[in-house]
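First up is the structure itself, then whatever we jot down about it.
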Amino acid sequence: MKFWIILSAIIPLLGLSGCVAPQQPVYYYGSYSRTLYQAKKNPSPEKAAKHQAELLSIIEQSKQRNLRVPPGICCEYGWALAQTGRVSEAETYFAMEQRAYPESAAFVGFLRSQIKKGNGNL
Amino acid sequence: MPFKLIMNRLQLLRLPLLVAVMLAISGCITPPPMISKEAKFPLFYEEKPHVIMVLPPTNATTAADAKEYYSTTVSVPLAYSGFYVIPMEVTNEILKAQGLYDTEMIADQPLDKFYQYFGADAVLFTKIVRWDTVYVVLAANLTVSIEAKLKSARTNRELWAYSGTVVVDLTGNSSTGNIVVDLIAKAVVTAVAAAATDYVPIAQSTNFQLLSSMPTGKYHFRYGKDKGDQIRDLSPSSVGAASSTAVKAPTDSSSKKVEVVEPKETPPIMIASAAVDAQSTPPRAKSSNPSTPEPGIAGPKAIEPSEIKAVNLPEKPKNIKIEPPHSTGNGPGLSVYILSNQLWAREIESGSAADAAGIRAGDEIVSFGGNGANFETMKHINNGKTGSAEISWRVSGKGEVKRANLRF
């Protein structure tokens, strides 16, 4: 009798754990490829600023839509900030990247060490 | 009398002859054999890379922009396949600071440094073999050929490889039913499209297609479950290998088609001058895919050398929006991509028919207009034409399949 009670308690739990399986990734990318292309095609401070604004917009829009920020976006934004000397702000985004993607720890750590060495201001 | 006898004999022969001819025809258009992902890329499943680093592509073409178009659009499909993609913009700058300007400088080196410093499990190398825009009066095509390989940063082994060609028809394809009107409209659209094509969405969908044979990564729900998925057996060395796949630039208003042809010789990038007297000769390459018979847009047209001048890919002029003739806009308002022979909703335009039906990004599109999930269906959905179609989709994360009639 006790066995059945325990079993009936476990079965719904198994069912729940099935729901947390990763799903088809859904991302908000905005115009990422377009602003990046434009910034690379004819590099200028304006184009770079436009791409950075797009990165920030992707981060904010993803939050609004309750989506995971696409991989690398927070990192790219943080790196851009660090290059203009906004190191403490950069750290906020590096931490964000690492929280969302634990596997980014090595790369984010490398970026931190570069910034500390002064290589962030290339 | 002997004549009649011969005729009778021939009559008897007719059926087998017909069968033989049919077999011969079907033999000509047989696509490359199918193979499971696991059989094709066993090392990928053995190493299970999560973190992918993308190196700048090697550009073997004369198209100066090809590199930028490719590299700014490659991370998105990799992310949708479920991988963590190290931001290429950042790694590029770091590599340059280290004096590594060229991917060729890295190609033969052991890759363990990328694992050690960046945590990269695997490194994607790409060579752009061909990036041609060929423009003649009634057709404009973009042909992209690449050779790509994913190498393990831990063991230096090759985990995945692809070589293939995608041809994008840059012109609209709507028809009025009036041949003369169609021809004039098409010529006008082609002239505008060739001058003002926005290649970013085209490069994007090309990358989606090129990477679709890659096994999925850990953020994809089919991670580890796609071993049995059948893909075309394409490998960089197999001559004439061509994907039977087809993609269409998503979220773009103009109606573009993509189909795949067998890789042929690699001519330099060329764009024929827009002279109206430019003549087209029969297509140099034909569609290798029996399911995508597209008469008239079978491939880049051969053009007389005197009519060709090499130019850079055209930049998009400002304030010009290209609409295919007789089309009102963005179709069902749904852009899909293909992965492991399944169609997935990528973006839904708000206020569109797809949005109203309740389709959300991440849902699996099961059928559209009576057709199942395949490349033709993807083209159809992304095509941006008016019409109506029944769509069925599986809600993301649930088994539930919904159905709706879309009018767009």
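Chain letters run A, B, ... following the sequence lines, proteins first and then strands; every chain starts at 1.
In this structure, chain B has no heavy atom under 4.5 Å from any part of A:Q38. When heavy atoms are compared at a cutoff of 4.5 Å, A:L67 does not approach chain B at all. If you measure heavy-atom distances from B:Y115 to chain A, you find no contacts under 4.5 Å at all. Heavy atoms closer than 4.5 Å to chain B are found in both the backbone and the side chain of A:Y27. Looking at B:V76, both its backbone and its side chain come within 4.5 Å of chain A, counting heavy atoms on both sides.
A:Q114 and B:Y117 share no donor-acceptor pair across their side chains, judged by distance under 3.5 Å alone. Side-chain N/O atoms of B:S152 and B:E47 include a donor and acceptor closer than 3.5 Å.
Classified by interplanar angle (parallel below 30°, tilted 30° to 60°, perpendicular above 60°), the ring pair A:Y101/B:Y84 is tilted.
Ion pairing between a basic and an acidic side chain is recognised when a charged N comes within 4.0 Å of a carboxylate O; A:K40 and B:E89 show such pairing.
B:Y69 and B:W131 have their aromatic ring centers within a separation under 6.0 angstrom.
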